[in-house]
Structure formats: C-alpha cells, structure tokens
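Here's the structure, in structure tokens; my notes come after.
Throughout, protein chains are lettered first and strands after them, A, B, ... in sequence-line order, and every chain is numbered starting at 1. Here the structure is a predicted model, which means the values were calculated and not measured. All values below come from the heavy atoms of this structure, side chains included, with hydrogens, waters and symmetry mates left out.
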Amino acid sequence: MTFSAFALLKNAISGQTGWRPHWRKAEPKPHYDVIVIGGGGHGLATAYYLAKHYGVSNVAVLEKGWIGSGNAGRNTTIIRSNYLLSGNIPFYELSMKLWEGLEQDFNFNAMVSQRGVLNLYHSDAQRDAYVRRGNAMRLHGVDAELLSRDEVRRMAPYLDFDNARFPIQGGLLQRRGGTARHDAVVWGYARGADARGVDIIENCEVLGLRIEGGQVAGVETTRGVIGAKKVGMAVAGNASRVAAMAGLTLPIESYVLQAFVTEGIKPLVDGVITFGAGHFYISQSDKGGLVFGGDLDPFPSYAQRGSLATFTDVAECGMAMMPMLGRLKILRSWGGIMDMSMDGSPIIDRTPVDGLFLNAGWCYGGFKATPASGLTFAHLLATGDLHPAAMAYRLDRFASGTVIDEKGVGATPNLH
Amino acid sequence: MRITCPHCGPRDLIEFTVLGEARTRPAVAVEDLDSPAAVDAFAAYVYDRANPAGIHREHWFHGFGCQTWLVVTRDTLNHAVLAVADVREERP
Ligand SMILES: Cc1cc2nc3c(=O)[nH]c(=O)nc-3n(C[C@H](O)[C@H](O)[C@H](O)COP(=O)(O)OP(=O)(O)OC[C@H]3O[C@@H](n4cnc5c(N)ncnc54)[C@H](O)[C@@H]3O)c2cc1C
Ligand SMILES: [Zn+2]
C-alpha cells in the first residue's frame, strides 16, 4: 500500500476503511542472513537500507517491546548537522541530506520540517566559538549563518535579551535544521523494510548471543534460538547489556534524559532555539505544545524516569532564556536511557567477535542520525567495511587516542 | 533524591557531583608504564565501563557540603541508594 493524493481521496469517501496494517506481525524463522537487535529508529533504518541498497532482505529485526518504544519514541525530534569536528560533520550532513529526501524515498509522511535551529550566544568568547563552528560547517558545505542580536530579536522577540546575567548577543543559525515526527520515522522505515521482506519481530528480547569459535552463530531470545552469521546490535541505552552477552565491555555509561511538553498554545516558537548559557532547547510541536529539555540526570540509570532536581535546572534555564514560559502548564514529562559514550560521539564498527557488529554511543543526539546510522550500519553489515562517512566511529579510537570530543570534556560521559 | 553523607547527614542531590563508576587505578610500577599490558590496562581504566543494570558503585563528590569524595552504591534500575561511604574508608 502506498500513499498518494488519490489514496487519501478514495479513503475519505469510503469512510477510511481501505487502510491496512503497514507491516506484518512476523514470526521468527530458524535462521536469517542478518539479525538486527533493537527495533528503534536505527535498527529499522539499518534493515531498510540493507534490503533497499544492498539487496540483503533475509533479515530480522528483534525488538524486546514494540518498535519505537525506546528512545526513538521519546526524543524531542530535533534534526541538525551543526557540528564542529571533521569526524562528525560529513556523517551528520549525510544524515541531513537523507532527511531531505526521506519522505519521497520511503513514501511516508515523516513531517520533516526544516524551520531552523538557532543556537544563542551570550558572550564574546561564545560568539568566537560559534564563528569557528559556523566556518567549519561552511567549509564542509553545510549551511550556517551568524545572526546579530537584532536579527535574533526579529525572529524571536519574546526571548530575554537583557537578562542581567546572560544577555543575548546573537545566534548561530542552521536554516536546514528543524524537526521530524519521530514515530512516523519508525513506522516509515518499518513499513519499507517489511515490504522488502524483512521480518520485524516484536516482544522478542535477546537474552544471549551464541558464539562458536570466535564467530557469531545466532541469538537466544524469549521466542527461542534464532541463527545468523551476522548480528548487528542497535539497542541504544542497552548497548552495554547486550555487548556483555559477548563478554565485551564498552566505553559507554547509560544515563536518563528527560523531556517535557506544555499545554498547546497558538504558534509561537517557529524553529528550534537553544540557550547558550546553560543546557536548554525548545521547539513547538504541530499540536501546539512547547517541547523542551536540557541536561541529563547526573547518575547512571536504566529506570527511564528522571529526578526533580534535573527538572528544576531545566526550568531555570528555560526561564532565563524565555520568561513567558512561566505562564504555561507542563502536561507531561518522560525519560529515555541514553548510551553516553566517553567522547560524546557514536560507534559504528566491528567487534572482536567475528560477525558481531556494534552501533551505539548515540548520547542524546541519535535521532537526527537515524538515516545515516542506518545506511552506514547496513553498509558495514553487508560489506564488512566501514562506510566512508562513518570512518571515524571506530571502537578502537579510545585506546588509540583518536577520540572525537566535540565538547572537549574528556572521559566524563555525563558531561557530553 | 536524598543522599545520606557520612559526614553531613541526609542532603539533596543538587549538592553532589557524580563522576560515574568507581574504578581503581591499575597498579603498575613506574618502570613498566610503557609496556603494552600497562597501556591496555590504562586505556580500559579510562574508557571502559561495566555499566550494569542493577547494583553499581560510583564516585560522588559532596561539593556543596563537606567536599569529600564518596563511594555511593546504588541500584541503577530503581535509583535506590544502598550505601554511602567515605572513599578513605573504602580504600585506606
Ligand atoms: C528525552 C530525549 C530527547 C532526545 N532528543 C533528541 C533530539 O532532539 N535530537 C536527536 O537527534 N536525538 C535526541 N535524542 C536521542 C535519540 O532519541 C537516540 O539517540 C536514538 O533514538 C537512539 O537510537 P534508536 O532510535 O535506535 O534507539 P531506541 O529507540 O532506544 O532503540 C533501541 C531498541 O532496542 C530495544 N532493545 C534493547 N535491548 C534489547 C534486547 N536485549 N533485545 C531486543 N531488543 C532490545 C529497545 O527496546 C529499543 O526499542 C533524545 C533522547 C531522549 C530520551
Ligand atoms: Zn558531606
């Protein structure tokens, strides 16, 4: 089933009875060419590109809950490619280019909305750092504009420009950044993978990895043993737990990140705005709610719920940037488990076990990476080689000292 | 969230800084520091983390209190704090 203006019209006049489930409820087969563990955005995108670009369709995606129940369905949906370091920029720009063609590619409305990501600066030093970042982006062919205080004021007059401690001096704008609808991204990839023969198997938790003579042979799950000579791990916050099944210890610690949404209001915040003097970012959903977030909770967690202390900090940052926020009621908050790596950058690589591949370390920026992560991980699973855009994301970069540390805070995962 | 500091009593989370997993530096003699085994041991010490879902020992710093480094034992599945000790007692 494909979406078209004609299909919409036909269903409009036939009482919307013509729609069918978009993917099968697949039962596990005894053996696959490739197993992808994790039915989040990355696992499903991997399966989609494996089938579509590499002709590998005897693939299963194993998900312990339902697809999109992890971070793929919990994030604040910001997409951007405003990175500084050369290991990161080409990868995230590849992802941005894939976002730009995604809806046509998988024939699903993912509500990709390039309405801009604006990073505010509040001091001369911060302006200089943003000039440097903007220049690095432009040298890589990515759009970046430095805005003056007046230009920012025209875009967002409601910000606290004359805040006594953190006056707003200007901003770095990436107009091609924006948001996308997270659930629809999951569903679009799932539907596209399923249509090409991929089995999406929900309620199927991987409990163990079968390894024979240093080569992966399959997985043990709550729905039995499933064989495969190639297994890709794409389980985000649970990366360390699944890797431990192969005896691997990863350069990752898991932390909870919270998000908040207010009652719906009329259109106010056009794009995404981030505070430069603390950690706070905000956008407005199509339903009208203001969606915002900030720092991680400070301690390692697998609990998918956060603490009040962190919420207080986020709210204080929000009030310092945009005082009118205090007039709104918050409707909901939730948390997701982030795979925080030791340099704040991801890992897409082989492991010491033959046939076992790792996709992890997404920290809190993995939603925007979904298309490129899927494509480059599919490339690795299909060919055994690293994709040119993801060359830097090696697992051995920590031991060799070639870390990609955008923030420059070293091996303190909760600060990235 | 309240942490019962052995010196200050029950105190709010915001008074503390969390460093993450409590690890012990590899015991390597100075003359062996450049050996491949020592290099591997230090790389693992700096970068690798057990990251368990369950009981976890962590280094916390009570910055807005007694300024002591603590070992906090917690359950990462439900945030329960099971024990708090001064590092000096843990490692005399
Ligand atoms: C509050 C919040 C806000 C965020 N905001 C942004 C943002 O604005 N922009 C951005 O780019 N990123 C953001 N992120 C980060 C982004 O959501 C993640 O980095 C990304 O979703 C991770 O990839 P994924 O979609 O594959 O993960 P997930 O959706 O978590 O997928 C992993 C899946 O693996 C499954 N799994 C785990 N263990 C097993 C097992 N043993 N067997 C089978 N299945 C298993 C899980 O159930 C889960 O469904 C945010 C995250 C959170 C929590
Ligand atoms: Zn104390």
Exercise for the section: Would you check if Glu253(A) and Glu58(B) make a side-chain contact, meaning some heavy-atom pair closer than 4.5 Å? Expected result: no

Problem - Per-residue contact mode, Ser254(A) against chain B (heavy atom under 4.5 angstrom) - result: both

Practice task
Taking all non-hydrogen atoms of both residues into account, name the closest pair between Pro251(A) and Asp48(B) and its distance.
Solution key: N-OD1, 3.9 Å

Problem - Side chains of Met1(B) and Phe299(A) in contact at under 4.5 Å (non-hydrogen atoms) - result: yes

Handout entry: Value rounded to 0.5 Å, distance of OG1 in Thr310(A) from CG in Leu13(B)
Key = 6.5 Å

Handout entry: Asp34(B) atom CG, neighbour heavy-atom count above 12 within 6.0 Å
Key = no

Completion exercise
Rounded to the nearest 0.5 angstrom, the CE-CZ distance for Met342(A) and Arg49(B) is 3.5 Å

Handout entry: Which atoms of Leu77(B) approach chain A - backbone, side chain, both or neither, heavy atom under 4.5 Å
Key = both

Problem - Residue pairs passing the salt bridge (Lys or Arg N to Asp or Glu O under 4.0 Å) test where at least one lies in residues 340-349 of chain A, sequence neighbours excluded - result: Asp343(A)-Arg397(A)

Problem - Distance-only side-chain donor-acceptor flag, Asn51(B) / Ser240(A), under 3.5 Å - result: yes

Completion exercise
Of the listed Ala243(A), Pro298(A), Gly410(A), the one with the largest count of heavy-atom pairs under 4.5 Å with chain B is Pro298(A)

Problem - Heavy atoms of other groups near Phe64(B) CZ, more than 12 under 6.0 Å - result: no

Problem - Shortest non-hydrogen contact between Pro300(A) and Arg74(B), atoms and distance - result: O-NH2, 2.5 Å

Handout entry: Separation between CG of Asp75(B) and OH of Tyr302(A), rounded to the nearest 0.5 Å
Key = 12.0 Å

Fill in the blank from the handout: Under 4.5 Å to a heavy atom of chain A? For Ala50(B) that would be backbone

Handout entry: chain B contact via Ile252(A) - side chain, backbone, both or neither, heavy atoms under 4.5 Å
Key = both

